[in-house]
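Lettering of chains follows the sequences in order, A, B, ..., and the numbering in each one begins at 1. The analysis underlying the following values was restricted to heavy atoms, covering all of them including side chains, and did not include hydrogens, waters or symmetry mates.
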Protein chains: 2
Amino acid sequence: MSLYAVDLSSGIPLYRQISQAIEEEVRKHYKPGAQLSPEPVLAERFSVNRHTLRHAIDELVNSGLVERRRGLGVFVLDGPHNYGIHKHTRFTKSLEAAGNTTESVVLRKLIIPAGGGVARRLELGEGAEVLWVETLRKANERPFSVVSHFMPAELVGQVFAEYEGGSLHDFIADRLGIELERQYSLISTRLPQGDDATLLAIPRHQPILRIKSVNANSVTRRPVEYALGRLRGDRVELEVKL
Amino acid sequence: MSLYAVDLSSGIPLYRQISQAIEEEVRKHYKPGAQLSPEPVLAERFSVNRHTLRHAIDELVNSGLVERRRGLGVFVLDGPHNYGIHKHTRFTKSLEAAGNTTESVVLRKLIIPAGGGVARRLELGEGAEVLWVETLRKANERPFSVVSHFMPAELVGQVFAEYEGGSLHDFIADRLGIELERQYSLISTRLPQGDDATLLAIPRHQPILRIKSVNANSVTRRPVEYALGRLRGDRVELEVKL
DNA sequence: GACAAGGGGACGTCTAGATGAGCTTGTATG
DNA sequence: CATACAAGCTCATCTAGACGTCCCCTTGTC
């Protein structure tokens, strides 16, 4: 393979040259879940001290490419999930299509009066009753997104008492006979608020992607669901096709 | 003040005890912009090696509490709360508008060999010459995006010597007679890397939106430009209409 | 067959010392 | 007075060595 020509005289720190070399190698030849060579071996290979090599790997850990497991080794993480935004995209579908196991857990299921933002987006009067469902989704056993769904209570009625996870849009289609269609999405980024960092198992300084979207009845065009999703920024990438 | 009772036997790593002690002290007694004691002094005070102390400060840097300035010292950053509230900066820009709204400054204009990612997206061989133009865009005198544009050097030729800002797509249309068409965009979020935090005038712990997009000749469908934009997360919100 | 002990591999933490590089400041010099 | 340079402070990087802790798997015993 290469000569691992890391060179101090170039002005670029060794650990950075090494982290870039490893990153490239990983992206080219490693699959998610694969294990890197042990630190002492890599240190030997690049002819640097183990501390320097650890510094290099620290960078990769920090950028979300690999993960350390004490006592076991360093492992390649899944790349960011490419979640396309289209008229009919569904979370679960696009993930499963990508060959990932999915799981969704209902964290909250409550009826509350609609606040200003929710009411406006659902075209309801302020204070109208809405069902608030908060779900945590995982892919390959790892938390991935937290989504707050708001739906007019009168529309979804009592049916949602039975919702326990899985594709929400499928549930709506099955039980209510309503096909949903995405109208628009707003994408922004923030540091995690509230419990989101804990739920998503990320440090508080790692940014999340926020997606606000409104889904409407594809026939009547009336809004049915307003969703505010918070996605792990290190594992999600949004694709917008035009 | 305290006795700095860091203790190895407690099972908690020294560097973590120290970072927590410093964090508490900073939050209580330091204002944004204040400077921490030099590393050797702190190391002495906690009776640890300077490496261990640096590890502790690394944690604080990583969490966005403080910032290192080489040759100067370690300084306390503003808390993130100071950045959240904006009254009329509520500009919801579409991707297109964000790309074209300008008062733009050219930061760099170089011909470089294409790296792997750039080469792949422009459908060139690795190492082929590409023109790298980096622009900083402002709105209301405030910076809001940094964009790296990559274009095949043979295509854009010498023409770009005259490019000094303004709409890049207009420039390409005028000078080269090429109409561009966006193929797709990938949206992700990161903390700012390199000089981006400085250029955008944000603290290093404030997330940015990254947009990778490829623009192609609308006739031949050959890729002409690969753009990697970094937008201030507190000023920009992307709207995706469908 | 079940369980416990032990070995070895891998990451985690800490110490010690040396050198490099960026920034500011003060002083010497033209 | 202004410029140039040197000193000194600060963080940045690298090396070397030593243990500690966690985890898995094998081995041995009951």
Side-chain angles (χ1 to χ4, degrees), chain A residues 4-22 26 30 33-77 141 203, chain B residues 4-22 26 30 33-77 193-195 197-198 204:
Chain A
Y4 306 116
V6 291
D7 175 14
L8 218 159
S9 68
S10 71
I12 301 167
L14 288 177
Y15 71 84
R16 190 166 301 275
Q17 296 178 49
I18 293 171
S19 70
Q20 285 175 357
I22 295 178
V26 164
Y30 287 60
Q35 182 174 6
L36 265 60
S37 307
E39 293 174 352
V41 173
L42 288 174
E44 169 76 17
R45 203 165 80 175
F46 287 103
S47 305
V48 296
N49 190 277
R50 185 173 154 231
H51 286 303
T52 303
L53 183 104
R54 274 180 66 78
H55 196 164
I57 290 187
D58 282 345
E59 301 258 297
L60 300 181
V61 169
N62 216 279
S63 76
L65 183 71
V66 300
E67 174 191 56
R68 292 197 140 101
R69 291 186 214 150
R70 184 174 185 164
L72 293 178
V74 178
F75 298 84
V76 179
L77 287 173
E141 317 274 309
Chain B
Y4 306 116
V6 291
D7 175 14
L8 217 159
S9 68
S10 71
I12 301 167
L14 286 178
Y15 73 84
R16 189 166 300 275
Q17 296 179 49
I18 293 171
S19 70
Q20 285 174 359
I22 295 178
V26 164
Y30 286 59
Q35 182 175 7
L36 265 60
S37 306
E39 292 175 350
V41 174
L42 288 173
E44 168 76 16
R45 201 164 83 177
F46 287 103
S47 305
V48 296
N49 190 278
R50 183 169 157 239
H51 286 302
T52 303
L53 183 105
R54 272 180 69 77
H55 196 165
I57 291 186
D58 282 345
E59 301 259 298
L60 300 180
V61 169
N62 217 281
S63 77
L65 183 70
V66 300
E67 175 190 52
R68 293 195 139 101
R69 291 187 215 151
R70 186 176 184 160
L72 293 177
V74 178
F75 298 84
V76 179
L77 287 172
Q193 310 282 315
D195 293 336
T198 311
R204 298 204 74 88

Stretch residues 53-61 of chain A: residues that reach within less than 4.0 Å of DNA chain D through a heavy atom | none
What is the minimum heavy-atom distance between B:Val48 and B:Leu53, and which atoms define it?
-> CG2-N, 4.1 Å
Smallest heavy-atom separation, B:Gln35 atom then B:Gly73 atom, equals NE2-CA, 3.7 Å
Would you say [X] places a side-chain N or O within less than 4.0 Å of OP1 or OP2 belonging to [N]?
{"X": "A:Arg69", "N": "D:dC22", "result": "no"}
{"X": "B:Tyr15", "N": "C:dC14", "result": "no"}
{"X": "A:Thr52", "N": "D:dT15", "result": "yes"}

What is the distance, to the nearest angstrom, from the [atom1] atom on [X] to the [atom2] atom on [N]?
{"X": "B:Ile12", "N": "D:dG20", "atom1": "CD1", "atom2": "P", "answer": "19 Å"}
{"X": "A:Glu44", "N": "D:dT15", "atom1": "CD", "atom2": "C1'", "answer": "14 Å"}
{"X": "A:Glu39", "N": "C:dG9", "atom1": "CD", "atom2": "P", "answer": "15 Å"}
{"X": "A:Arg16", "N": "D:dA12", "atom1": "CZ", "atom2": "C1'", "answer": "11 Å"}
{"X": "A:Phe46", "N": "D:dC14", "atom1": "CZ", "atom2": "P", "answer": "13 Å"}
{"X": "A:Phe75", "N": "C:dC11", "atom1": "CZ", "atom2": "C1'", "answer": "11 Å"}
{"X": "B:Gln35", "N": "D:dT10", "atom1": "CD", "atom2": "C1'", "answer": "8 Å"}
{"X": "B:Leu42", "N": "D:dT10", "atom1": "CG", "atom2": "C1'", "answer": "12 Å"}

Approximate separation, where rounding is to 0.5 Å, of A:His55 NE2 and A:Leu14 CG = 11.0 Å
Between CD on residue A:Gln17 and OG1 on residue A:Thr52, distance to nearest 0.5 Å = 11.5 Å
Partners passing side-chain hydrogen bond (donor to acceptor under 3.5 Å, both in side chains) against [X] (at least two apart in sequence or in another chain):
{"X": "B:Arg54", "result": "B:Glu39"}
{"X": "A:Glu67", "result": "A:Arg69, A:Arg142"}
{"X": "A:Asp58", "result": "A:Arg68"}
{"X": "B:Asn49", "result": "none"}

Identify all pairs in which a protein N or O lies below 3.5 Å from an N or O of nucleotides 16-22 of chain C, and state each distance.
unit_1, atom_1, unit_2, atom_2, d
C:dA16, N7, B:Asn49, ND2, 3.4
C:dA16, N6, B:His51, NE2, 2.7
C:dG17, O6, B:His51, NE2, 2.3
C:dA21, O4', B:Arg70, NH2, 2.7
C:dG22, N2, B:Gly71, O, 3.0

Measure all distances between protein nitrogen or oxygen atoms and nitrogen or oxygen atoms of nucleotides 4-7 of chain D, and list the pairs falling under 3.5 Å.
none

For B:Glu44, the salt bridge (Lys or Arg N to Asp or Glu O under 4.0 Å) test, sequence neighbours excluded, returns none
For B:Arg16, enumerate each residue passing the salt bridge (Lys or Arg N to Asp or Glu O under 4.0 Å) test, keeping only those at least two apart in sequence or located in another chain.
-> B:Glu59
For the side-chain contact (heavy atoms from CB on, under 4.5 Å) test, which of A:Leu36, A:Leu65, A:Leu60 pairs with A:Val74?
-> A:Leu36
